[in-house]
Structure formats: structure tokens, C-alpha cells
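A note on names: the letters A, B, ... follow the listed sequences, proteins ahead of strands, and every chain is numbered from 1.
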Amino acid sequence: MEKIKSKYFVEGPISPQAIADSIAKHSTKTNIGAHSIFLGQVRKDIVNGKNVQAIEYSAYSEMAENEFHKIREAAFAKFDLICMHLYHSIGRVKAGEINMFIFVSSKHRKDAFEACREVVEQVKNQVPVFGKEIFEDESYVWKENN
Amino acid sequence: MKIRITAFGYIAEIVKRSTFELESATDLNTLRKKLEEKFPEIKKHPYKIALNRELVNDNRIIEEDSEIALLPPFAGG
């Protein structure tokens, strides 16, 4: 089980087991009919001929907490949702490991699908998380979202 | 009034620390100019300013207890 740094940040990669456990915890919420889950995984990109072996994430955590909260509140206001969990990694996450877990639940699938997609885009645009793409020789470049 | 600033990502690398102080700057435009004077390399790298944990693009007055952060492009998700 990861050491949770905050409500939204997790130290290191998010394990598949933690994701499975989170799904299992929702089986008591029997008003839920749909879960929409998005997982961000670190991709082994090639930059200037070098392979990315990991991304090291850092954040302006006070502002990031605010932004996660705002994104959550906005989604609950706009969509008919029952539950939502947002998690992002801090620290080093290797290629192939999970760095973001967005989990949205609703009565019906339309709200879950739409809310999940919107939340993912907002997290990428609004939350002050920074990333170093670390190459196999431990050199790095700073990552920028498109 | 000294301004306390927190820097992240490549901005922290340019200024060589994650928190530092600047001599008085009454508003954000002046702050930007002073940063460029003190750290000329910053001109080559886009960054945004967060004032009290909110991104601001326009000019704002800097109050006594303002929290200022210099943020490079985001890479979350």
C-alpha cells in the first residue's frame, strides 16, 4: 500500500493492487451502476534518440490540492456523480508504471464517461505538477504537456 | 518590502534554489522585470506566476503577505 502524502498525491507509482482495492471498496455502494476509470502510465518515449526510463514528478502541492478540489467540485456540480477519487504520483515513476488514477462513479454510464474525460483533461491543464523525463543514463529533460 | 518567491522545475534550476527573496516589487510586471535582470536566463524559458495559489496573467499589486510561485509548464497526468 502506498504511503499517501495527501488526499491526492501518492509517493511513487500507483500499484495495480491499490486500484483493484479501490474498486472492491465500492461494491457496498449499490446505487452505483457505472465506474469510469482512467489510468495514466509512464510511456517509454524517445527524446533526442534517448529512451525515457522514468519520470520524476514534483508539485506546488498547496496550489495543486486547491486545483484538485476545484476540479472535483466542478465535476459534481456538472454531472450526476456518486463518487470520485483522484490520485497522482509524486517522486519517481518508471516507464510502464501508473502515475495517475482517476476513478469516477455514477448511477448511469453517460455521466461517468463524460465526467472522467473532462476531469482528466482538467488535471493535465490545471494542476501544477512538474515532471523530469529521466533517460537511461540518468540525464533528463523537463516534460511539458501538450 | 521583501518578496518571498518559490520556484519549481527548470525555474528553480535557473535561480539555483527553490525559495528566495527579491527586493521590493510592488506589482507583478515589476517583479517580472527584476527577475529578468537578476536571472537573464529566465527570458529563454516560459513560466507563469501564481499569486496566492492562483495563476495570474495580468498585472497585480503585490501585498505584504503575498505567496508567489514561479511555475514552468505543467506535466501532470
Asker: Verify the cluster assignment for A/F130 and B/F20: are they in a single hydrophobic cluster under the rule of side-chain heavy atoms below 4.5 Å apart?
Answerer: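 Yes, same cluster.
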Asker: Between A/F113 and A/I71, is there shared hydrophobic-cluster membership here, with clusters defined by ILVMFWY side-chain heavy atoms closer than 4.5 Å?
Answerer: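 A/F113 and A/I71: separate clusters.
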Asker: Is the NZ atom of B/K33 crowded by more than 12 outside heavy atoms at less than 6.0 Å?
Answerer: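 Counting neighbours around NZ of B/K33, 12 or fewer heavy atoms of other residues, nucleotides or ligands fall under 6.0 Å, so no.
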Asker: Quick one: closest heavy-atom pair of A/G131 and B/A75, and the distance?
Answerer: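 That closest heavy-atom pairing would be N-CB, 3.5 Å.
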Asker: Take atom NZ in B/K48; do more than 12 heavy atoms of anything else shown fall under 6.0 Å from it?
Answerer: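 Atom NZ in B/K48 is not crowded, with 12 or fewer foreign heavy atoms closer than 6.0 Å.
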Asker: Other residues, nucleotides and ligands only: do more than 12 of their heavy atoms fall within 6.0 Å of CZ on B/F39?
Answerer: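 More than 12 within 6.0 Å, yes.
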Asker: Are A/L81 and A/I32 connected into the same hydrophobic cluster when the rule is that any two of I, L, V, M, F, W, Y join if their side-chain heavy atoms are below 4.5 Å apart?
Answerer: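 Each belongs to a different hydrophobic cluster.
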Asker: Please answer: with hydrophobic residues joined when any side-chain heavy atoms are less than 4.5 Å apart, are B/V56 and B/I62 in the same cluster?
Answerer: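 Looking at the clustering, B/I62 is in the same group as B/V56.
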Asker: Okay, side chain of A/H88, backbone of B/G77: is any donor-acceptor separation there less than 3.5 Å?
Answerer: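 Answer holds: yes.
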Asker: For chain B, which candidate among A/E133, A/E62, A/M100, A/E67 shows the most heavy-atom pairs at distances under 4.5 Å?
Answerer: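 Answer, by heavy-atom pair count under 4.5 Å with chain B: A/E62.
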Asker: Highest number of heavy-atom pairs under 4.5 Å with chain B: which of A/N99, A/V123, A/V42?
Answerer: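 Greatest number of close heavy-atom pairs with chain B: A/N99.
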Asker: Would you indicate whether the side-chain heavy atoms of A/M63 and B/L71 approach each other to under 4.5 Å?
Answerer: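 When only atoms from C-beta onward are counted, A/M63 and B/L71 do touch, with a gap below 4.5 Å.
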Asker: Which atoms of A/Q126 are under 4.5 Å from chain B, going by heavy atoms: the side chain, the backbone, both sets, or neither?
Answerer: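 Just the backbone, heavy atoms under 4.5 Å.
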Asker: Does CG in B/D65 sit with more than 12 non-hydrogen atoms of other residues, nucleotides or ligands closer than 6.0 Å?
Answerer: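 Counting neighbours around CG of B/D65, 12 or fewer heavy atoms of other residues, nucleotides or ligands fall under 6.0 Å, so no.
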Asker: Using a 4.5 Å cut-off on heavy atoms from C-beta on, say whether the side chain of B/E67 contacts that of A/Y60.
Answerer: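 Side chain of A/Y60 against side chain of B/E67, heavy atoms only: contact under 4.5 Å found.
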Asker: Would you check if B/E54 and A/N66 make a side-chain contact, meaning some heavy-atom pair closer than 4.5 Å?
Answerer: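 Sidechains of A/N66 and B/E54: no contact.
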Asker: For A/A59, is it the side chain, the backbone, both, or neither that has a heavy atom closer than 4.5 Å to a heavy atom of chain B?
Answerer: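 Contact with chain B: backbone only.
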Asker: Do you know which of A/K143, A/K132, A/Q41 has the most heavy-atom pairs with chain B at a distance under 4.5 angstrom?
Answerer: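 Highest number of pairs under 4.5 Å: A/K143.
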Asker: Would you say that B/E13 contacts A/W142 through its side chain, given a criterion of any heavy-atom pair below 4.5 Å between the two side chains?
Answerer: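 With C-beta onward as the side chain, the pair touches.
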Asker: Taking atom CG of A/N48 as the centre, does the number of heavy atoms from other residues, nucleotides or ligands within less than 6.0 Å exceed 12?
Answerer: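 Result for CG/A/N48: open.
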Asker: Need one label for A/Y140: side chain, backbone, both or neither, based on atoms under 4.5 Å from any heavy atom in chain B.
Answerer: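 For A/Y140, the contact with chain B is made by the side chain alone.
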Asker: Taking all non-hydrogen atoms of both residues into account, name the closest pair between B/P73 and A/E144 and its distance.
Answerer: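 Heavy atoms only, the tightest pair is CB-CG, 3.4 Å.
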